[in-house]
A.B. asks: 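Handing you this structure, nothing more for now.
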Amino acid sequence: MNHNNSNQLFSRAQASIPGGVNSPVRAFKSVGGTPIFIKKAKGAYLYDEDGNSYIDYINSWGPMILGHAYQPVIDAIKEKVEGSTSFGAPTELEIEMAELIKSMAPNMDMVRMVSSGTEACMSAIRLARGYTSRNKFIKFEGCYHGHADAFLVKAGSGVATFNIQTVPGVPANVSDDTLTAPYNDIEAVKKLVVEHKDEIAAIIIEPVAGNMGCIIPQEGFHQAIRQICNKEGIVLIFDEVMTGFRLAAGGAQQRLGVDADLVTYGKVIGGGMPVGAFGGKKEIMQLIAPLGNVYQAGTLSGNPIAMIAGYTLLKTLKDNPSIFESIDKKTELLHIGLEEAFSKSKIPFVINRLGSMISIHFSEKPVVDFASAAAANNALFNKFFHFMLDGGIYLPPSAFETWFISDALTDEDIQKTINRAREFVMSQQ
Ligand code: HOZ
C-alpha cells in the first residue's frame, strides 16, 4: 500500500501541530509508523489521501453506529446549516433533543448539553460534589473520562497507551481527591469507601470499559457498586460516552439493568459532531445553574448543527430497535471468526465482547482490568495492527482501545477481516 501522501502530510503537520495530531492516540506513536491521513469516509469505509480504502473498526471512536456519512444525518445537517451555524441562544431543537434522550435513556429526568465527553464528565463530577458537599471521587484504573485534570490519574486510552504515570500540569491537590480502584474489584471499592467515610461524592465508571481495550463488568459488579452508593449517599455516575445509544437504546443502564444517578454522553449523541451531555435525576440536576449555583456553561452547547445531527441519528436508533440486534450479530460473527482464526495458532489471546464493542488482547490470562490488559503482549498487538492495516482493515492504533462495530459493515467486510486475521496467524507460525 502506498502511503506517500500521508507520510508527507505527517511531516508537514509536525511543524505546526504538536506531534502532528490533534489527539494523541491517532499519532500511531505506540504502534509505530506514520498515521494515515483520512480524506473522506462513507458507510463502513475510510478513504485516505493516497486513495487507499479501509474497513473501519474505529467509527470515530463510536458514533458512526450506522456507518459514515449516513445520508439522513448529512441531509439534516445541510438543511439546518442554511439557518446559521450558532446562535448562543435557546432553540426548540434543544428541547426536542432533551425529550428524545429522556425517552430513550432510563433515569433521565433532565439533561444538559455540552460539547464533548470531557466536558460532560467534568461537569458531572462538579455537580456530584456540589450535591453531596464532598470532594473525593472514585474512578477505576484504565477508565478514561476525558482529559480534565482530576481524571488523569491511572487513566486509560492515550494515557495508558503512552504509559504516562503522572501528568505534568495537574496539581497534586487536584489529583489527591481522585481515588482509584481496579476494575471489577468490589473489595477495593469497599475499602476506599471505609477509609474515606463521608468524603466520597461520586463513583464514576465506564459501565463497559473501552479505554483499556474492551473490558466486561463481572456479574454483580455494578449491582454491588449501586448498593454501596445507596448506603453511603454517593452519586453513581455512568460514563456512557461509548456505551450510550450503542449497547441498547437506553445504553448500558438498560443493557446491564443498573440505575445510575447521573449519566454522561459524548460523541454518539452528536452523530459524530462535537457534542456531549450529562443528565439524570432531577433532585441532582436542579442544582445546575441557572436553577442552582453549580455553574456550568458553553456558547456552543446545544449548537443547532450538532443537535440536528445527533437528533437524526438517535431518532433513527429509537425508531429501528432492530439496529441494536444487527450490530450485535455482526460483532458476534467477527468474534466467532477471530476466535477460530487465533485458536488454530499457539498465540495466546483473549477476545472480550459485549454488544458491538469488542477487542483482542494477546494474553494467556483473562483480561478483566487494567493490570491484565497491560500485561498482555502489546508488542504483538502492534504487529497485528500493522498487518491488518496493510490489508485494508483499520483497527484502533492501540491495544488500550475498544473496537466499535457499525451497522454499515457487510458480512463480506467481516469475512475479509477474518481472512486477514487468518493470514496474520499464518505469518506468525
Ligand atoms: N480518546 C479517544 C479514544 N478513547 C481517542 C480520540 C481521538 O484520537 O480522536
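What's counted below: heavy atoms across the whole structure, side chains too, no hydrogens, waters or symmetry copies. Atoms within each ligand, like the ligands themselves, are counted from 1 in listed order.
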A.B. asks: Got an N/O contact under 3.5 Å between E401 and ligand 1?
C.D. replies: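 Between E401 and ligand 1, an N or O pair is found under 3.5 Å apart.
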A.B. asks: Flag the pair Y144 / F400 as yes when their ring centroid distance falls below 6.0 Å, and as no otherwise.
C.D. replies: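 So the answer is no for these two rings.
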A.B. asks: For the rings on F151 and F137, is their centre-to-centre separation under 6.0 Å?
C.D. replies: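 Yes; F137 has its ring centre under 6.0 Å from that of F151.
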A.B. asks: So that I can tick it off, tell me whether D261 and R226 are bridged by a salt bridge, with the cut-off set at under 4.0 angstrom between side-chain N and carboxylate O.
C.D. replies: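 Yes, R226 and D261 are salt-bridged.
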A.B. asks: Using a 4.0 Å heavy-atom cut-off, say whether N211 meets ligand 1 through its side chain, its backbone, both or neither.
C.D. replies: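 Side chain only.
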A.B. asks: Relative to atom 5 (C) of ligand 1, which among F400, Y144, W61 owns the nearest non-hydrogen atom?
C.D. replies: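 That would be W61.
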A.B. asks: Write down the atom of Y265, the atom of V241, and the distance for their closest heavy-atom approach.
C.D. replies: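 It is C-CG2, 3.7 Å.
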A.B. asks: Between Y54 and Y47, is the ring centroid distance below 6.0 Å?
C.D. replies: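 Not under 6.0 Å, so no.
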A.B. asks: Which ligand 1 atoms are under 4.0 Å away from a heavy-atom of S157?
C.D. replies: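 Atoms satisfying the 4.0 Å criterion: 1 (N), 2 (C), 3 (C), 4 (N).
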A.B. asks: Can you tell me which portion of M242 lies within the under-4.0 Å heavy-atom range of ligand 1? Options are side chain, backbone, both, or neither.
C.D. replies: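 For M242, only side-chain atoms sit under 4.0 Å from ligand 1.
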A.B. asks: What protein heavy atom is closest to atom 9 (O) of ligand 1, reported as residue, atom name and distance in Å?
C.D. replies: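 Among all protein heavy atoms, the one nearest atom 9 (O) of ligand 1 is R26 NH2, 2.6 Å.
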A.B. asks: Quick check: K267 and ligand 1, any N/O pair under 3.5 Å apart?
C.D. replies: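 Not met; the criterion fails.
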A.B. asks: Looking at the rings of F278 and F238, which for Trp means the six-membered one, are their centres under 6.0 Å apart?
C.D. replies: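 No, they do not, as the ring centres are separated by 6.0 Å or more.
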A.B. asks: Among protein heavy atoms, which lies nearest atom 8 (O) of ligand 1, and at what distance?
C.D. replies: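 Looking at atom 8 (O) of ligand 1, the protein heavy atom closest to it is S23 OG, 3.1 Å.
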